[in-house]
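Here is the structure we will look at.
One-based numbering, in listed order, for ligands and for the atoms of each.
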Amino acid sequence: MICSENLGDDIMAKKEFQSESKRLLDLMINSIYTNKDIFLRELISNASDALDKLYYRSLTDKKLKIKKDELGIFISFDKENRTLTITDNGCGMTKEELEENLGTIAKSGTLSFKENMTKDEKIDIIGQFGVGFYSAFMVSDKISVTSRSVDSEDSYLWESEGADGYTITKAKKAERGTEIVLHIKENSDEFEYDKYLEEYELKQLVKKYSDYISFPIKMECTHHELKDEEKHEYEDIKEVETLNSMVPIWKKPKSEVKDEDYENFYMDKFSDYDKPLKIIHSSVEGMTSYKSLLFIPSHAPYDYYTQEYEKGLALYSNGVLIMDKCGDLLPDYFSFVKGIVDSEDLSLNISRELLQESQSLKLIAKNIESKIRKELETMLKDDRDNYISFFKTFGVQLKYGVYNNFGQDKDKLKDLVMFYSAKHERLITISEYVEEMKEGQEAIYYASGASISKVGSLPQVEQVRDKDYDILYLTDYVDEFCITALQEYDGKKFANVSDGNLDLESEEEKEEIKKANEDHSDLLKEMKEEIGDEIKEVKFSNKLKTHPVCLTTKGDVSIEMQKVFDAMPNDMGIKAETTLEINEKHPISEKLKKLYKKDKEEFKKYTKILYSEARIIAGLPIENPTEISKLICEVLSK
Ligand code: ADP
């Protein structure tokens with residue numbers, strides 16, 4: 001948001017940060033975020049990205065004559081003036097880019113801050129956004145960025161002292177790239193900022209967080225060298241050292257990488273404040289050779305369920321980044337996986353279109369899919385608690401994968417999905433359900449509704465439970481679509497307890513109820529007419545134990561599926577075929593029979609009330625609540 005006019009190239013009035021950025025900055029400056037150290041890795045990563053961008057461009061743009069070994073990052077500090085400077089000779093930024101990139105956080109504007117966030121939530125926000133560049137405000141009271149873009153002769157200085165705003169003025173910078181000068185805060189009672197002006201400390205930080213960066217990170221370091229052995233005299237020699245080992249972590253043998261290294265790499269590269277739940281590092285030799293380092297996050301990224309989320313793995317060709325997010329490397333059902341793939345078999349200056357067609361890429365994608373799947377299967381077998389934690393976060397995605405694309409991947413995923421078992425009161429796999437099926441049990445029973453407790457109190461559940469059969473409780477909107485796509489498991493069909501044809505009664509019971517329905521066919525027909533076209537049929541049933549009524553369905557569309565369809569923006573009018581079932585053993589049946597003979601008006605009222613009851617139990621709305629409420633009171637007042 002620009003608050004005053006542009007006064008020309010050289011002088012420019014102070015601009016305000018966009019309002020959301022401003023609040024995030026406030027949080028950052030008055031930060032309670034404990035790990036201030038991360039600011040350095042954020043700035044180094046940005047510099048490395050800028051070098052990557054430039055180098056990659058030089059491969060296709062012949063005018064840019066750039067050698068990889070000229071590229072690097074330089075750190076220097078000045079204790080007296082309290083400055084720490086990070087310089088790179090990467091792609092740099094134009095004036096517009098400075099404005100665009102450093103004037104806004106979360107450009108999409110999806111972030112909405114809650115004023116009354118708790119302390120912990122604030123920490124979360126800072127972490128969740130990675131917030132890159134802005135983290136430098138945790139340790140500085142002023143930041144000056146001078147940048148010259150590879151596309152321009154001009155250079156500009158961006159300066160800010162925090163939430164107040166920033167200025168951009170013309171500058172003089174002889175070489176391409178970006179120089180960031182941090183004016184380090186004075187020590188306070190809580191924190192010693194001085195450490196960011198210490199050679200030893202800075203070296204440690206680079207080693208810890210940025211060792212894998214593929215460009216050299218250099219700093220002028222001091223060595224004490226023995227000058228005179230006899231007199232024990234030392235002299236300080238200054239020498240430029242490369243602080244990082246530069247071997248990308250994924251190229252190192254597994255035995256040389258500590259868990260902590262993987263975790264730091266992940267948190268830095270993918271801007272997560274939490275360690276990953278699972279790390280998968282592999283090196284594949286064969287038709288196509290590649291190295292991959294994959295991570296399953298321990299929580300869903302903040303934008304995971306929004307349209308902005310883009311799946312994909314970073315794709316490198318022999319250590320050089322080709323593409324930040326190569327979507328073709330991951331199926332949608334594993335879209336939560338983060339990581340990198342590095343292959344020598346991919347040509348560097350391959351265009352995106354050609355890349356999609358590349359057989360090597362397809363092969364890598366296939367291997368990666370099966371690697372992730374095997375790892376998840378192993379986790380489920382050997383580390384169930386962790387798997388359940390994973391499944392609670394990303395299970396919906398797997399279930400969606402079962403029915404997506406007309407169920408073409410269902411066999412790959414059917415052993416990874418879990419549902420809540422009524423008997424065990426926890427998540428189980430379908431295979432575990434099938435193993436425990438009783439003698440004579442024909443189907444895998446499931447019931448669906450908005451929550452475990454709501455499903456548990458469905459009238460239809462009783463009959464199945466009475467037989468001591470387990471029931472899978474489905475509470476996610478994708479669940480029934482997933483089950484419908486699976487159709488069966490190990491030759492056993494799935495059956496919805498609300499299906500009209502569950503067929504759990506004995507022959508005798510079936511005969512008995514058939515007779516009751518025939519004897520009272522007029523009564524049932526009249527009830528159906530009173531309710532109208534919303535239902536297909538009204539019948540007496542012996543499947544209910546204590547409950548008076550329920551709705552059952554026929555055909556492929558269940559009531560829960562209908563609710564999902566109803567909620568879609570383009571209502572396709574897909575409706576479940578419902579039957580109102582009345583418990584023949586319940587006193588209400590006798591009452592209905594009596595009223596049918598003696599008092600038709602009252603009979604109609606009962607019909608409407610009972611139908612409404614059945615809808616409420618099924619979690620369906622009542623279209624005419626005032627009328628029903630009136631009817632209930634009329635009946636109660638008799
Ligand atoms: P992120 O790195 O997560 O995109 P940052 O706030 O760290 O967010 O940086 C914002 C943007 O500023 C970067 O995406 C990049 O385009 C630009 N940028 C930051 N540092 C540099 C740099 N050293 N050289 C060139 N561009 C940079």
Notebook entry, point to check: Is the closest N or O pair between F133 and ligand 1 shorter than 3.5 Å?
Noted result: yes
Check: Is it the side chain, the backbone, both or neither of K53 that has a heavy atom closer than 4.0 Å to ligand 1?
Finding: side chain
Item checked: Heavy-atom nearest option to atom 2 (O) of ligand 1, drawn from L54, T178, N46, L98 -> N46
Note to self: List ligand 1 atoms under 4.0 Å from M93, heavy atoms only on the residue side.
What the structure shows: 17 (C), 18 (N), 21 (C), 25 (C), 26 (N), 27 (C)
Next item on the list: Please verify whether a non-hydrogen atom of E42 lies at under 4.0 Å from ligand 1.
Entry: no
Check: Looking at NZ of K203 and CG of N244, how far apart are the two atoms once the value is rounded to the nearest 0.5 Å?
Finding: 13.0 Å
Next item on the list: Starting from the C-alpha separation in whole Å, work towards a yes-or-no answer on salt bridge (Lys or Arg N to Asp or Glu O under 4.0 Å) for D194 and R82.
Entry: CA-CA 8 Å; D194 276 4; R82 298 192 72 77; 2.8 Å; yes
Notebook entry, point to check: Does an N or O from N101, backbone or side chain, lie closer than 3.5 Å to an N or O of ligand 1?
Noted result: yes
Check: Is the NZ or CZ atom of K36 positioned over F191's six-membered ring, under 6.0 angstrom from the centre and within 45° of the axis?
Finding: yes
Next item on the list: Measure from NZ or CZ of K68 to the centre of the six-membered ring of F215 and say whether it is under 6.0 Å with the direction within 45° of the ring axis.
Entry: yes
Next item on the list: List for me each residue that meets side-chain contact (heavy atoms from CB on, under 4.5 Å) alongside K371, sequence neighbours excluded, and say none if there are none.
Entry: I280, S282, E375
Note to self: Residue-level breakdown please: for D49 versus ligand 1, do any non-hydrogen atoms fall below 4.0 Å on the side chain, on the backbone, on both, or on neither?
What the structure shows: neither
Note to self: For S360, give me all partners under side-chain contact (heavy atoms from CB on, under 4.5 Å), at least two apart in sequence or on another chain.
What the structure shows: T288, D345, L346, S358
